[in-house]
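Single-structure report; data block below.
For ligands, and for the atoms within them, numbers begin at 1 and follow the listed sequence. The residues of the chain are indexed from 1 along the displayed sequence.
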Amino acid sequence: MNRDGRSRTRTRAYAAGALALLAFATACGDNGGGAAPAGTKAASAAPQPSGGGGTPVAAATTPGAAPAGGDAAAWAKWNLKPLAPAPAPPADKPIKLERTGTVPVFSDVKTTDKVVFITIDDGAEKDPKFVEMLTDLKVPITMFLTKDIVKNDYGYFKPLQALGNHIQNHTVTHPVMSKLPQDKQKSEICEDQAALTQQYGTAPLLFRPPFGDGANTPTLNNSVQQCGPRAIVLWRESMQIHDMQYQAGDKKLKPGDIILAHFRGPKELKGATMTQMFADLLARIQEQGFSVARLDDYIQPPAS
Ligand SMILES: [Zn+2]
């Protein structure tokens with residue numbers, strides 16, 4: 001599967017980046033089970049902005065506003081029912097990070113709040129409609145970005161960051177980390193850390209290994225420690241095209257679950273767009289009665 005079709009959505013010259021991207025696995029975090037379920041239900045709604053010709057809704061542009069729920073018109077524009085607003089962030093954060101030592105590995109957050117957290121990985125698809133969608137809906141996300149996949153357009157992610165969404169570390173070339181010697185692990189993490197810090201003005205606090213591979217090995221933990229991130233973040237559900245793969249046998253979201261999704265376009269999504277995939281993700285969350293909270297609101301950073 002290649003990625004060259006996605007450049008239709010933008011007018012920039014993509015040739016070099018598209019060629020480079022041919023080398024990357026597309027099933028980033030799916031542990032080999034990432035093939036989309038064939039023939040699952042058609043998208044219930046094909047979200048297309050209704051009217052306005054792509055102009056963002058002026059009333060929905062306040063950065064840092066409480067996630068979700070407020071602007072019914074914005075949700076209707078994307079053919080969605082509003083998610084319930086997330087509860088106030090806990091004063092006592094369930095995850096407390098330390099400045100030194102072994103970094104914790106987690107795939108969910110201990111909470112009784114009926115919230116889940118959305119993470120979006122790699123950065124291949126750079127669909128301007130997705131920026132418009134998040135600007136409208138204010139759903140919080142966390143982005144784990146891979147340098148060689150985003151370096152052809154670091155700027156794409158800046159308006160997403162300006163909405164309050166943090167950018168985190170996902171290596172330089174998206175390798176299978178457990179197959180690398182420690183010095184190579186370190187260069188993968190430390191060089192992504194340096195590039196993302198320079199581009200986005202803030203150092204990633206979290207790291208996600210490609211495919212989740214090696215997360216619980218002492219070697220990778222040590223490599224992460226030496227590059228700056230203070231936690232390794234995995235996931236409980238993986239968004240495909242219209243539905244999620246669940247690790248839990250009952251196929252239900254649980255409070256505090258972390259969901260993995262990807263910046264993917266029609267080439268990877270059997271013709272569906274990034275915004276259609278994301279709308280289906282929100283619909284799956286909404287129909288189970290959850291809201292989406294900001295992961296950072298449940299994490300206490302290390303004391304400086
Ligand atoms: Zn990935």
Run the side-chain donor-acceptor check on residues 86-99: report pairs under 3.5 Å with partners two or more places apart or on a different chain.
{"residue": "Asp92", "atom": "OD1", "partner": "Lys96", "partner atom": "NZ", "Å": "2.8"}
{"residue": "Lys93", "atom": "NZ", "partner": "Pro90", "partner atom": "O", "Å": "2.8"}
{"residue": "Lys93", "atom": "NZ", "partner": "Asp297", "partner atom": "O", "Å": "3.0"}
{"residue": "Lys96", "atom": "NZ", "partner": "Lys93", "partner atom": "O", "Å": "2.8"}

Considering only N, O or S atoms of His170, the one closest to the Zn ion (ligand 1): NE2
N/O donor-acceptor pair under 3.5 Å between Glu188 side chain and Thr173 backbone: yes
Disulfide (SG to SG under 2.5 Å) partners of residues 170-228, not counting sequence neighbours, each pair once: Cys190-Cys227
His174 near the Zn ion (ligand 1): N/O/S under 2.8 Å: yes
Any donor-acceptor N or O pair under 3.5 Å, side chains Tyr156, Asp127: no
The Zn ion (ligand 1) reached by Asp121 (N, O or S, under 2.8 Å): no
Atom name of the N, O or S atom in Asp122 that lies nearest to the Zn ion (ligand 1): OD1
